[in-house]
Amino acid sequence: MRYLIKLTPVDQFFFGGNITFGENKATQNYLVRSEKYPQQTTLLGMLRYQLLKTNSLLKIDRNYTKDELVKMKSLIV
């Protein structure tokens, strides 16, 4: 089964990658560019968040009951 997921930015974005500001002063660079596409873990995190949000399972205080945790796990595993 395949799904097509379209992402539409609502504001500026930055997709990080392996290139950072540099590990030492000799290689330090103050210009870092965003990757064109997000990393796989970013996409999985966005999908997980959206699944939980759609099913009204997100709480600000993160105080979940055992039943809520079981339902959350069944949605994201």
Side-chain angles (χ1 to χ4, degrees):
M1 185 178 291
R2 290 185 181 197
Y3 295 95
L4 174 63
I5 299 170
K6 293 185 179 185
L7 302 174
T8 305
V10 294
D11 203 349
Q12 294 180 0
F13 63 90
F14 180 86
F15 295 131
N18 294 334
I19 300 173
T20 62
F21 290 106
E23 295 181 17
N24 60 44
K25 290 194 182 241
T27 61
Q28 200 166 20
N29 184 358
Y30 293 103
L31 179 62
V32 177
R33 292 198 169 102
S34 175
E35 296 292 331
K36 188 173 181 179
Y37 301 106
Q39 293 182 358
Q40 191 173 18
T41 52
T42 301
L43 293 174
L44 292 173
M46 289 188 307
L47 288 172
R48 179 179 184 255
Y49 172 82
Q50 192 60 44
L51 281 170
L52 297 176
K53 182 180 173 188
T54 301
N55 289 278
S56 302
L57 289 170
L58 290 178
K59 293 182 179 179
I60 293 173
D61 63 1
R62 298 180 183 171
N63 189 15
Y64 300 106
T65 65
K66 285 188 178 185
D67 290 339
E68 288 171 328
L69 291 172
V70 168
K71 187 172 181 183
M72 291 168 84
K73 187 174 180 178
S74 70
L75 286 170
I76 61 175
V77 173

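These numbers come from the heavy atoms of this one structure, side chains and all, not from hydrogens, waters or symmetry mates. If you read the sequence from its start, that first residue is 1, and numbering goes on from there.
Atom CD1 of Ile60 is separated from atom CZ of Arg62 by 10.5 Å, given to the nearest 0.5 angstrom.
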Ignoring hydrogens and angles, write down the donor-acceptor pairs under 3.5 Å from the side chains of residues 37-49, residues two or more places apart or on other chains.
unit_1 : atom_1 : unit_2 : atom_2 : d
Gln39  : NE2    : Gly16  : O      : 3.4

For residues 64-77, which side-chain N or O atoms pair as donor and acceptor with protein atoms under 3.5 Å away, sequence neighbours left out?
unit_1 : atom_1 : unit_2 : atom_2 : d
Tyr64  : OH     : Lys59  : N      : 3.1
Thr65  : OG1    : Glu68  : N      : 3.1
Thr65  : OG1    : Glu68  : OE1    : 3.4
Glu68  : OE1    : Lys59  : NZ     : 3.0
Glu68  : OE1    : Thr65  : N      : 2.8
Glu68  : OE2    : Lys59  : NZ     : 3.2
Ser74  : OG     : Lys71  : O      : 2.7

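Asn55 places no side-chain N or O within donor-acceptor distance of the main-chain N or O of Leu57, the cut-off being under 3.5 Å.
As a member of the Ile/Leu/Val/Met/Phe/Trp/Tyr network built from side-chain separations under 4.5 Å, Phe13 groups with Phe15.
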